[in-house]
Asks: 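Let me give you the structure first, and then I'll get to my questions.
Heavy-atom basis, side chains included; hydrogens, waters and symmetry copies ignored. This is a predicted model, so every value here is computed, not measured. Atoms within a ligand are numbered from 1 in the order they appear, just like the ligands themselves. The first residue in the sequence is number 1, and the count goes up from there.
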Amino acid sequence: MIDAGAGEYLLHHPDRLAEMVRALAAEGVLVSVKIRAGVAGNDPKIARLAWEAGADLLHVDLMDAGYAKIRQIRNASPVMIIANNSMQSFDRVMEMFSHGADLVSLARHSDAQTLAGLDAAITRYAKEFGWYNAPKQLCRGGDVRALTFCCLPVKDCPLLPTLQKIGLSREEYVRLKREAVQGTSLQDGAYTCFGSLAWCCKVSSPCLLRDATLDQMKMSKKQYMEEKRRLSRAIMARVFPPRDNDDSG
Ligand code: SF4
Ligand code: SF4
């Protein structure tokens, strides 16, 4: 495969990979790029390059790497990520989902019983919490999508270095979230820490103030998480502006 200029060869020749992805994307087909973590040297860079060239999916064979690899890739691009390898337990799958994976795939252990068990557990979770792959909070190791749960930038915490890394000033961050929640239920929440649910934490972080606000608004935790998901998408669209070849508007 390497001699033929395919497979692993492309991870060491990213320009050629980008060329191929661009050519496929230009044909209007869905493009999935499969990589094995740790081969290219800089996986986030490969992810970014593949996404910029027009890839729709990045299928990551994690080998021995853990969720930190998925987080690095998520922080480098908004491409849809499939986490692969040893995904046979719900805990392992949730680890991947809460650090940036959109989907998981199984090879070994992809027997009917394991697949049905995972499917049932993920479906149950999604029914209860809505946003099945919500990130962990940023200060608990979450990826860039976790800005949706972040506070106003008033303290010394992982928010400020993250904003710096993605090139957003404090003012831009505040404006972005305020504008994104305008006219939505997240705009309300006068009795929460920062006067709006836009700055409120994930439902898994217990909080009487937020929960009382949600009760008052007759908003379920699932609906709250769906609103947070919408806010996260707006944030991601700002952090990763559409590619030149995107025609979805
Ligand atoms: S802004 Fe709040 S949620 Fe975000 S990292 Fe800081 S303390 Fe954590
Ligand atoms: S009110 Fe509760 S959920 Fe909202 S920011 Fe404060 S601690 Fe977090």
Side-chain angles (χ1 to χ4, degrees), residues 44 66-78 81 94-102 125-240:
Y67 60 79
K69 180 65 75 182
I70 291 294
R71 181 177 50 208
Q72 284 172 5
I73 292 174
R74 170 53 67 232
N75 287 344
S77 90
I81 299 174
M94 287 313 289
E95 252 183 5
M96 298 304 150
F97 282 164
S98 60
H99 291 92
D102 299 286
Y125 184 90
K127 272 191 184 149
E128 190 172 348
F129 299 107
W131 188 4
Y132 74 96
N133 69 337
K136 285 187 175 297
Q137 304 240 148
L138 203 60
C139 36
R140 295 189 180 162
D143 60 89
V144 65
R145 300 170 302 148
L147 290 176
T148 193
F149 300 122
C150 273
C151 330
L152 274 171
V154 291
K155 50 187 153 185
D156 195 12
C157 70
L159 173 62
L160 299 183
T162 300
L163 292 179
Q164 204 173 12
K165 227 179 270 172
I166 60 178
L168 269 189
S169 68
R170 290 179 196 218
E171 296 71 27
E172 284 170 325
Y173 160 75
V174 172
R175 198 167 48 241
L176 167 61
K177 283 187 74 168
R178 283 205 173 124
E179 286 177 3
V181 300
Q182 223 162 29
T184 74
S185 23
L186 291 186
Q187 190 177 1
D188 303 328
Y191 299 110
T192 58
C193 290
F194 301 102
S196 157
L197 289 168
W199 315 105
C200 275
C201 314
K202 195 173 170 180
V203 277
S204 49
S205 300
C207 174
L208 291 174
L209 289 176
R210 180 204 56 220
D211 291 353
T213 300
L214 294 180
D215 281 349
Q216 206 180 25
M217 293 167 70
K218 300 199 184 329
M219 190 181 190
S220 69
K221 289 185 175 173
K222 184 176 171 184
Q223 285 167 328
Y224 168 74
M225 288 296 280
E226 288 296 355
E227 290 292 329
K228 283 290 193 181
R229 184 187 208 174
R230 266 190 280 280
L231 174 56
S232 158
R233 284 185 177 140
I235 294 169
M236 290 296 276
R238 170 68 175 77
V239 176
F240 302 105

Asks: Measure across S185 and L197 and return the closest heavy-atom pair with its distance rounded to 0.1 Å.
Replies: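 It is O-CD1, 3.8 Å.
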Asks: Short list, please: which atoms of ligand 2 are under 4.0 Å from a heavy atom of T192?
Replies: 1 (S)
Asks: Only distances under 3.5 Å count here; give the side-chain donor-acceptor pairs of residues 146-167 to other protein atoms, sequence neighbours excluded, each with its distance to 0.1 Å.
Replies:
{"unit_1": "T148", "atom_1": "OG1", "unit_2": "K228", "atom_2": "O", "d": "2.8"}
{"unit_1": "T162", "atom_1": "OG1", "unit_2": "P158", "atom_2": "O", "d": "2.8"}

Asks: Using atom types as modelled, flag every donor-acceptor pair under 3.5 Å from a side chain in residues 67-74 to any protein atom, sequence neighbours excluded.
Replies:
{"unit_1": "K69", "atom_1": "NZ", "unit_2": "D43", "atom_2": "OD2", "d": "2.9"}
{"unit_1": "R71", "atom_1": "NH1", "unit_2": "G141", "atom_2": "O", "d": "2.6"}
{"unit_1": "R74", "atom_1": "NE", "unit_2": "G100", "atom_2": "O", "d": "3.1"}
{"unit_1": "R74", "atom_1": "NH1", "unit_2": "S77", "atom_2": "O", "d": "2.7"}
{"unit_1": "R74", "atom_1": "NH1", "unit_2": "V79", "atom_2": "O", "d": "3.0"}
{"unit_1": "R74", "atom_1": "NH2", "unit_2": "V79", "atom_2": "O", "d": "3.0"}
{"unit_1": "R74", "atom_1": "NH2", "unit_2": "G100", "atom_2": "O", "d": "2.9"}
{"unit_1": "R74", "atom_1": "NH2", "unit_2": "D102", "atom_2": "OD2", "d": "2.8"}

Asks: Which value, rounded to the nearest 0.5 Å, describes the distance between S205 atom OG and R140 atom CZ?
Replies: 4.0 Å
Asks: Quick one: which residue pairs count as a ring pair (Phe, Tyr, Trp, His ring centres under 6.0 Å) with a foot in residues 184-232, not counting sequence neighbours?
Replies: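 Found Y173-W199.
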Asks: Please indicate how many protein N/O/S atoms are found closer than 2.8 Å to atom 2 (Fe) of ligand 1, with waters neither displayed nor included.
Replies: 1
Asks: How close does the nearest protein non-hydrogen atom get to atom 2 (Fe) of ligand 2, and which residue and atom is it?
Replies: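 I find the closest protein heavy atom is C207 SG, 2.2 Å.
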Asks: Measuring from R175:CZ to S169:OG, what's the distance to the nearest 0.5 Å?
Replies: 6.5 Å
Asks: Name the closest protein heavy atom to atom 5 (S) of ligand 2, giving the residue it belongs to and the distance to 0.1 Å.
Replies: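 Answer for atom 5 (S) of ligand 2: W199 O, 3.6 Å.
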Asks: Find the distance between CG (D211) and CD (Q216) and round it off to the nearest 0.5 Å.
Replies: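 Atom-to-atom, D211:CG and Q216:CD are 12.5 Å apart.
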Asks: Give the residue, atom name and distance (to 0.1 Å) of the protein heavy atom nearest atom 4 (Fe) of ligand 2.
Replies: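 The closest heavy atom on the protein side is C200 SG, 2.4 Å.
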Asks: So how far is it from F97 CZ to I81 CD1, rounded to the nearest 0.5 Å?
Replies: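 Atom-to-atom, F97:CZ and I81:CD1 are 11.5 Å apart.
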Asks: In the protein, which heavy atom is nearest to atom 1 (S) of ligand 2, and how far is it?
Replies: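 So the nearest neighbour among protein heavy atoms is C193 N, 3.4 Å.
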